[in-house]
Amino acid sequence: MSCHSEQVVPVSSEDKIKILLMGNPNVGKSVIFSKLTGVHVTSSNYVGTTVDYTYGDVNYKNKKGVIIDVPGTYSLEASSEAERVATSFLEEGADVIICVLDATNLARNLDLALSLREYPIPIVYSLNLIDVAERDGIKIDKDKLEVMLKAPVIPTVAIKNKGLRELLDRAFSLCGQKAETFPKQSEDERWATINEITNEVQSYEYKEPTFIQKLEYLTLKPWPGIPIALLVLILSLGVVVGGGKALRALILLPLVNNVISPFFTRIVSFIVPEGIFRNLLVGEFGILKIGIEWPFALILPYVFLFYVVFSFLEDSGYLPRIGVLADGALKKIGVQGGNIIPMMLGYGCAVPAILGTRAATTYKERIMVATLVSFAIPCASQSGAFFALLGDKSFLALILVYLLSFMTLFTVGIIMDKVIKGKGQPMLLEIPNLLLPDRTSYFKKLKIRMKHFLMDAEGPMFVGIGIAALVAETGVLNSISTMIGPLVEGWLGLPKEASLSLLLGIIRRELAVLPLLELDLSTLQLLVGSVVALFYLPCLAVFGVLTKEFSLKVSLGIGVATITSAFLFAGLINQIGSLILALVG
C-alpha cells in the first residue's frame, strides 16, 4: 500500500474500465472492495483534500478494471468534505457504479441510491447483509426492487463471498451501455419515493430474537452494557499487556540479546577498530544494539497486539456501542459519545485519531478531541514503553500513570469546554450490527496499520537512537546534563543521565521513556520519568498533522501546554513523594 499527498485519480481506458464503489458508511463496502481487489491496492488523498480513498485493480474473465472505494457518505448534498469528494468522482465520470445497500436499513440507504440515478452512469446495486436482514425477519422482494430502481439488484453476503461473482459480472456487462438518467428530486420528493419503494418491496415477519440480537440490545443499555464494556476493555488490556510481555520475554528479547546483537557486535568488532565509531554502532547506546532492541523487542509486540484487538473491536461493530455508553460521561466535558472512536484510536496513534476528528459535528468538538488526544492519551508506542519500564517493577505505578492520564483528560476537557466558544451537537452515531470480522479485510487492515507504524514510528525512533548514541559517546550529554541539571536532578529528582530522555522525547514521546530502562531507578523515579513522558511534547508527526489540520498557533499552544504540564505534574509528584518517604523513613 502506498500513500501520496497528491494522486491522479485513475481513469478508464480501452483496456481498463473504471468502477466506482459507493454507499453509506458501515454497509460492508470495504469488505466488498477487499474481496474484489485482493491485496494490490493503493490509498491516497483526493487531490486538494485530506479525504482518503482507496483503489485497486480487478481482473474478471479476461477483462481488466479499477475499482475506486469512494468515501462512505449518506447523501450527495456536498455539505461535508467526504460528500464533496464523492460528488467530484461522479462528475469526473466512470463506466459503472456499484452501489452497496444495507438490507437491514433499506430506507436510509435509498436516499443515496436514488441520488446516484441523476448521473449518466450505469448502476448495479448490491443488496448486502441479506443474511442479517433475514435473521431480523426482514424480507425484501429483489425483483420488485429492480423494477422500481430500474437497475439490477444483486443480493450479497460479502463476508461469505455470496453474490460477489454475479455482482462483478453485472458490473462489467453494464460497461458501455447508455444509462437512463432521472431528474433531480427535492428532499421531500425523494423521501416520498423512498417510502413508496420500501412499502412495496419490504415486509416484516416476527422472529424470536437470537442471542446476537439480544446481545446487540444489551450492549447499548447502561446495565449490563457498562459492565460488559469494562469486561471487554479489561480483556483487551490483558491481551495487549500480557501477550506483549510474553512475546517480549519468551521470543523477542532472547532473540535480540542472544542472537542478533552478538552477531552484529562480532561483525562490527572485526571490521571497525576500537573507538568512538565502534561505540556508535555497538556500544552501550549503539545504533545496531539499541536500534533493534527498543523498537522491535520492547515496543513492537505491544503495538501489534493493540492493533489486533482494536481492529477486531472496530470490525465487529462493538466500538460505536462504547460511544453510546460513554455519551453521558463525555457530555460533561463538552463532546458527544461518537468522539470516543477517535479518542480510542489515539491509543494506537495520535495521527489517525486527529484525522478522525473530521467526523465531529462542530469545530469546537474537533479541536477539543484533537487536543485531548495530543495531551493525555498515550499512543501504542508510549504504552509499550510504559509496560516495558513499569510492568515488571511496579504495576501500581503503571496504574497511577493511566489514572493520571484519565484525570487530566477530563480536567482539560472541562476547562476547554468553558474557554472555547460554541456548543456541541447531540450524538448522531450509526450502530452497525454485531458481526464476526471478515478475515480477509481484518488481516489486510492489520497489515496496513502495522506497515504505517513501521514507516511513521520506527524511522523517527531509529533517528532518535542514532542521536542518543552520538550525544552519549561524544560527551555532549554531559554538557546538556550540566545545563539542565537543576530541572532534572533538583525538581524532578532524576539522575543527570535522564537528560537524554528529555532530548530524545522531542522526536518521539516513547523515547523519553526508553533511556530510563538503562538506569537503576527507584519506583518514585520511574513514576516521575513516566509522567514526564506522558505529557511531554507531541511527537513531530503529531505536531505536523495538528498544524496541517488546524494551524501553527494551535499546535504551538498544545505543545507549550503539554511540556508545561509534564514538568509541573512530574515535579509535584517527586516533591510530594520525597516528602512522604522522608516522613515515613
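Quick note: numbers below take in every heavy atom, side chains included, and nothing from hydrogens, waters or symmetry partners. Just so it is clear, the structure is predicted and the values come from calculations on it, not from any experiment.
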Should [X] and [Y] count as side-chain neighbours, where that means a heavy-atom distance under 4.5 Å?
X	Y	value
Phe443	Lys447	no
Leu552	Phe543	yes
Glu365	Ile420	no
Glu489	Leu494	no
Pro437	Ser311	no
Leu300	Met450	yes
Ile68	Leu21	no
Ser530	Leu398	no

Does [Y] offer a backbone N or O that forms a donor-acceptor pair with the side chain of [X] under 3.5 Å?
X	Y	value
Ser405	Ala376	yes
Gln575	Leu572	no
Trp491	Pro486	no
Ser261	Val256	yes
Thr411	Met407	yes
Gln382	Ala533	yes
Lys29	Val70	yes
Thr371	Ile367	yes
Asn24	Thr73	yes
Asn574	Val528	no

May I have the step-by-step check of side chain to side chain contact (heavy atoms under 4.5 Å, CB included) for Phe387 and Lys245, ending in yes or no?
-> CA-CA 8 Å; Phe387 298 154; Lys245 286 180 68 175; 5.5 Å; no
Side chain to side chain contact (heavy atoms under 4.5 Å, CB included) between Tyr402 and Ser383: does it pass, once the steps are laid out?
-> CA-CA 9 Å; Tyr402 281 90; Ser383 293; 2.7 Å; yes
Do Ile322 and Leu319 pass the side chain to side chain contact (heavy atoms under 4.5 Å, CB included) test, and can you show the C-alpha distance, the side-chain angles, and the key distance before you say yes or no?
-> CA-CA 5 Å; Ile322 296 180; Leu319 278 187; 4.2 Å; yes
Roughly how far apart are [X] [atom1] and [Y] [atom2], rounded to 0.5 Å?
X	Y	atom1	atom2	answer
Leu400	Leu526	CG	CG	12.5 Å
Leu546	Leu556	CG	CG	10.0 Å
Leu252	Asn257	CG	CG	10.5 Å
Asp417	Met368	CG	CE	5.0 Å
Thr408	Leu403	OG1	CG	10.5 Å
Ile573	Gln525	CD1	CD	13.5 Å

If you compare all heavy atoms of [X] against all heavy atoms of [Y], which two are closest, and at what distance to 0.1 Å?
X	Y	result
Leu325	Gly225	CD1-O, 3.4 Å
Ala561	Ser565	O-OG, 2.8 Å
Asp69	Phe33	CB-CD1, 3.8 Å
Phe375	Phe535	O-CD2, 3.5 Å
Thr562	Ser374	CG2-O, 4.2 Å
Val401	Leu534	O-CD2, 3.7 Å

Lys/Arg cation over aromatic Phe550: Arg366, 6.0 Å, 45° cone | yes
Do the ring centers of Tyr347 and Phe306 come within less than 6.0 Å of each other?
-> no
What's the verdict on side chain to side chain contact (heavy atoms under 4.5 Å, CB included) for Phe312 and Leu446, showing C-alpha distance, side-chain angles and the deciding distance?
-> CA-CA 9 Å; Phe312 181 87; Leu446 187 60; over 6 Å; no
Tell me, with the steps shown, if Tyr55 and Thr37 meet side chain to side chain donor-acceptor pair (under 3.5 Å).
-> CA-CA 8 Å; Tyr55 65 91; Thr37 58; over 6 Å; no
